[in-house]
Amino acid sequence: MKAIRYCEYGSPDVVKLDDVEKPVPADNQVLIKVRAASLNALDAYMIRGAWLNRLIFGLRKPRDTRLGRDVAGVVEAVGKNVTQFKPGDEVFGISRGALAEYACTPERALVMKPPNVSFEQAASVPLAGLTALQGLRKGKIRLGQKVLINGATGGVGTFAVQIAKALGAEVTAVCSTRNLDLVRSIGADHVIDYTKEDFTKSEQRYDVIFDNVCNHSFFERRRVLTPKGICILAGMGGAGVKEGQAIGRIAGNLFTARGLSSFTDQKFAQYMTKMSKQDLIMLGDLIQAGKVRPVIERTYKLSDAPEAIRQLDAGHARGKLVITVGEESR
Ligand SMILES: NC(=O)c1ccc[n+]([C@@H]2O[C@H](COP(=O)([O-])OP(=O)(O)OC[C@H]3O[C@@H](n4cnc5c(N)ncnc54)[C@H](OP(=O)(O)O)[C@@H]3O)[C@@H](O)[C@H]2O)c1
């Protein structure tokens with residue numbers, strides 16, 4: 001089968017379309033005929049081989065050369081212990097090696113695709129949608145609360161704006177000039193162009209800040225939180241952030257959430273996104289109900305995935321970049 005792989009660390013140019021063995025599902029796994037996959041900032045970090053990642057994924061070169069996490073497709077075969085899926089089921093979820101014609105993943109990482117949601121839309125949801133949903137949940141958002149989303153136009157941000165709106169918040173979206181119309185179109189009540197205005201200098205106070213970028217200090221963000229407000233530290237900037245800057249932001253987030261935050265009534269919360277079937281089903285239901293619309297900047301054929309990864313790596317994706325896989329993509 002055809003699969004996108006990276007056999008060394010480096011720029012997006014190391015990514016290649018290769019012929020590899022079709023995977024065989026283990027007893028607890030589902031073999032999916034992939035119809036669509038989407039990219040995440042994580043894919044760009046892995047390819048570049050940041051030192052923190054190398055400790056986990058291979059010091060000199062990646063141990064696992066597969067790429068992609070978010071998948072949607074049709075079940076082709078199941079392992080003998082799989083009980084929830086059968087061949088022909090349309091599914092979406094998280095699978096290593098999603099950028100390929102076939103991928104295998106444990107059944108706990110998949111849910112059924114809602115019928116009126118396309119494979120491309122479903123593939124755009126998992127990691128970004130779960131990150132937005134699980135992060136915003138920490139904010140315990142109540143009707144009418146003021147929520148600011150910093151980094152509102154990437155994969156995670158576009159879901160966060162819409163989920164916060166669906167929870168009844170008054171949403172302020174922070175983005176660059178070219179994306180002002182985009183964030184308005186997905187429901188933001190107010191917009192701040194970060195190239196012209198620093199949200200931490202405004203007189204406005206927010207009950208919840210969902211921070212996808214984490215490019216402001218603890219004190220700057222405290223200044224614009226309400227006295228019992230919470231700042232959710234979701235990320236460190238997106239695919240384009242340089243390694244040194246990313247490490248600084250990760251360390252800053254840890255220090256802020258575990259240290260500084262314990263001395264104030266305002267809270268700073270850090271988290272790691274977890275696979276949750278229940279949350280994926282909830283996201284599918286929100287999309288099916290029209291409350292959330294996946295924002296897909298562009299779809300690419302599998303053979304054009306390296307070009308998509310170059311675009312992701314530039315750090316200014318507008319929503320999600322989706323790879324379609326199928327007969328037409330060869
Ligand atoms: N906590 C977790 O477990 C977890 C899981 C998944 C992802 N994440 C993190 O979540 C973050 C977002 O991921 P993603 O996939 O959405 O990334 P992405 O698609 O690459 O989007 C990044 C966005 O950041 C915006 N941005 C860049 N500089 C900005 C600035 N100075 N101010 C405001 N916005 C700025 C860009 O918008 P413009 O084009 O308008 O500049 C872009 O839309 C990443 O840091 C990622 O590591 C965390």
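Each ligand, and each atom within it, is numbered from 1 in the order the structure gives. As the structure is a computational prediction, the values presented were derived from the model and not from experiment.
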Q. More than 12 non-hydrogen atoms from neighbouring residues, nucleotides or ligands closer than 6.0 Å to CZ on Arg310, yes or no?
A. yes

salt_bridge([X], [Y]) N-O dist < 4.0 Å:
{"X": "Glu203", "Y": "Arg223", "answer": "yes"}
{"X": "Arg48", "Y": "Asp313", "answer": "yes"}
{"X": "Asp64", "Y": "Arg66", "answer": "yes"}

Applying a 4.0 Å heavy-atom criterion (strictly less than), which segment of [X] is in contact with ligand 1: side chain, backbone, both, or neither?
{"X": "Asn212", "result": "both"}
{"X": "Val156", "result": "both"}
{"X": "Ser176", "result": "both"}
{"X": "Leu312", "result": "neither"}
{"X": "Thr273", "result": "both"}
{"X": "Asn215", "result": "side chain"}

Q. Of the listed options (Gly315, Cys175, Ala160), which comes nearest to atom 36 (C) of ligand 1 when hydrogens are ignored and any heavy atom counts?
A. Gly315

Q. For atom 28 (N) of ligand 1, which candidate among Tyr194, Tyr45, Phe159, Tyr271 provides the closest heavy atom?
A. Tyr194

Run the numbers for me: atoms of ligand 1, each under 4.0 Å from some heavy atom of [X], listed by number.
{"X": "Asn150", "result": "32 (N), 33 (C)"}
{"X": "Ala41", "result": "15 (O), 17 (O)"}
{"X": "Asn179", "result": "38 (P), 39 (O), 40 (O)"}
{"X": "Gly155", "result": "16 (O), 19 (O)"}

(Q) Under 4.5 Å side-chain heavy-atom separation, chaining through any Ile, Leu, Val, Met, Phe, Trp or Tyr, what else clusters with Val74? Say none if it is isolated. (A) Phe119

Q: Quick one: do Asp70 and Val125 satisfy side-chain contact (heavy atoms from CB on, under 4.5 Å)? Show the steps, please.
A: CA-CA 7 Å; Asp70 290 346; Val125 175; over 6 Å; no

Q.
Looking at Lys33 and Ala103, would you say the former's side chain and the latter's main chain have a donor-acceptor pair under 3.5 Å?
A. no

Q. Are the aromatic ring centres of Phe199 and Tyr194 under 6.0 angstrom apart?
A. no

